[in-house]
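All chains are named by letter (A, B, ...) in the order of the sequence lines, taking the proteins before the strands, and each is independently numbered beginning at 1.
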Amino acid sequence: MERIILHLDMDYFFAQIEERENPQFKGKPIVVGADPKEGKGRGVVSTASYSARKYGIHSALPISKAYELCPNAIFLPVNMELYQKVSENIMEIVKKYSPKWETVSLDEAYLDVSFLKGYKGTKRGATSFPRKGEEGGGGVGVLAEKLKKEILEKEKLTCTVGIGPNKLIAKMAAEKAKPRSELCSTTGAKPNGLLIIKPNQVEKFLEPLDIEDLPGIGPKTAEKLRIIRINKIKELKKLSKAKLKDIFGVVGETIYERARGIDEEEVIPEEIIKSIGKEHTFERDTRDPEIIFKTFDEIIEEIGRGLSSANFSFKTITVICRFSGFETHTKSKTEPRPLKMGGAKVKMRMKSSLPTLKNPTQDFEILKSESKKLLLKFLIENPKPIRLIGLRVRIC
DNA sequence: AAGTTCTTATTAC
DNA sequence: CTAACGGTAATAAGAACTT
């Protein structure tokens, strides 16, 4: 059964919201992210407006570097509450367009519009890709334009939409439609795009793209492929499934399928959260136990709060520690699974296991004591100054 | 030998 | 001097450890 999947991607989301809230910033370089602290900040850029991108500023760039590239940019802190609210408003609009929708992140969503017949405003329903001579106009294109228009009118924000026969192609179409960086030369240019890839166009669409444009291929995988002279998806397709599996395991098989535009992933309403965590980077590396444990206590409290709102019980505790030089390590402890045994008596619990969890209050005490034990081990066995500490728990 | 747990690596937003 | 590099979450792989 052929599907029609739509991917919605808000344009420079955080920065665009700030621009909307402060019209005097319009067209100016806006950088939403960590405090640059006169170039000494340790965080990164969350989102940069397109006029900021002209200076080479982009998401995930160290904020110190961004400051260096454009000290006069408008640097704003991340106002997550606001972005969350705006995101909810947008999702309210999105889900009106199909009962089969999925939120990916604050600024991204998928819609499966395969079964949407006779959608209002389209002559023959949204269930079709455009026919000859109506590129961007007929069928699902009309629906997409309507969605874009509604978001613009209600939220005053632009977005880019990609459409294809599956999630993979829809996402890549949106990515392609939105010139990633400085390609928009006009000040304050907004991508505001729409790209439809029909099933018979998938091959032609994919082959000239860079391997790193394929979701799942990041810098590391791309580097390995480049060594063997594979730069474009077309070249990637020359590798057999077995070969890819040899090099990259399960991921390799996925890459094989994706390079051919094959993706059967369903649009699913909600993912179940499997773990929650919190981490903190110090302003400067430290060995001061006061600072370290005070911060860690706050992290524990925070996780405790998160847990209590979600049923409060966990299986595994992982403590993360990053030392000077970005050297990162983890230590974890897992509660033993209920020992199902052939009628014998209860076995002694292993020394290395977590005590059995009973109720929220006790869970919290265990979380506190066990996580601190793990952190302490780090301090004992590694004398380096500490850059970051974190805590993560697997929920059960 | 099989099943768990621990740790690291990679990806993505 | 070539690095500068947050926070949150998922998943895979292999080693180490238990049963």
Is [X] touching bases, backbone alone, or none of the nucleic acid, heavy atoms closer than 4.0 Å?
X	value
A/I272	sugar-phosphate
A/E271	nothing
A/V44	base
A/K220	sugar-phosphate
A/I63	nothing
A/L106	nothing
A/K171	sugar-phosphate

Rounding to a whole Å, what distance do you find between [X]:[atom1] and [N]:[atom2]?
X	N	atom1	atom2	answer
A/I255	C/dA12	CD1	C1'	12 Å
A/H58	C/dG6	NE2	C1'	14 Å
A/E265	C/dT11	CD	C1'	13 Å
A/E298	C/dG7	CD	C1'	16 Å
A/K40	C/dA4	NZ	P	14 Å
A/Q84	C/dG7	CD	C1'	14 Å
A/K37	C/dG6	NZ	C1'	12 Å

N/O (side chain, [X]) to phosphate O (OP1/OP2, [N]) under 4.0 Å:
X	N	result
A/K274	C/dT11	yes
A/R322	C/dG6	yes
A/T330	B/dT8	yes
A/R392	C/dA9	yes
A/T221	B/dT11	yes
A/K278	C/dT8	yes
A/T281	C/dG7	yes
A/K245	C/dA12	no
A/T334	B/dC6	yes
A/H280	C/dG6	no
A/S275	C/dA10	yes

Which nucleotide in [options] has an atom nearest any side-chain atom of [X]:
X	options	value
A/K65	C/dA4, B/dT10, C/dG6	C/dA4
A/V250	C/dA3, B/dC6, C/dA12	C/dA12
A/K333	B/dC6, C/dG6, B/dC13	B/dC6
A/R394	C/dA12, C/dT11, B/dC13	C/dT11
A/A60	B/dT7, B/dT11, C/dG6	C/dG6
A/E279	C/dT8, C/dA13, B/dT10	C/dT8
A/V251	B/dC6, C/dA12, C/dA10	C/dA12
A/R42	B/dC6, C/dA13, C/dG6	C/dG6

Would you measure the distance from the C1' atom in B/dA12 across to the matching atom in C/dG6 and give it in whole Å?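 Roughly 14 Å separates the two C1' atoms.
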Rounding to the closest angstrom, what is the interatomic distance between B/dC13 and C/dC5 at atom C1'?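 Here B/dC13 and C/dC5 have their C1' atoms 16 Å from each other.
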A/I273 vs A/E68, nearer the 5' end of DNA chain C by closest nucleotide: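 Its nucleotide being nearer the 5' end, the pick is A/E68.
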If you assign each of A/L61 and A/L388 to its closest nucleotide in DNA chain C, which residue comes earlier from the 5' end?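 Whichever sits nearer the 5' end wins; that is A/L61.
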Taking A/S49 for the side chain and A/K28 for the main chain, is one N or O donor matched with an acceptor at less than 3.5 Å?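 Yes.
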Taking A/I93's backbone N and O only, do any of them form a donor-acceptor pair with A/Y97's side chain (distance below 3.5 Å, no angle check)?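 A pair under 3.5 Å: no.
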Residue pair [X] / [Y], side-chain heavy-atom distance below 4.5 Å:
X	Y	result
A/F293	A/L379	yes
A/F378	A/I389	no
A/I300	A/S371	yes
A/F314	A/I303	no
A/E21	A/L82	yes

State plainly whether the residues A/D263 and A/R3 are in salt-bridge range, i.e. N to O under 4.0 Å.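 A salt bridge is absent here (no side-chain N lies under 4.0 Å from a carboxylate O).
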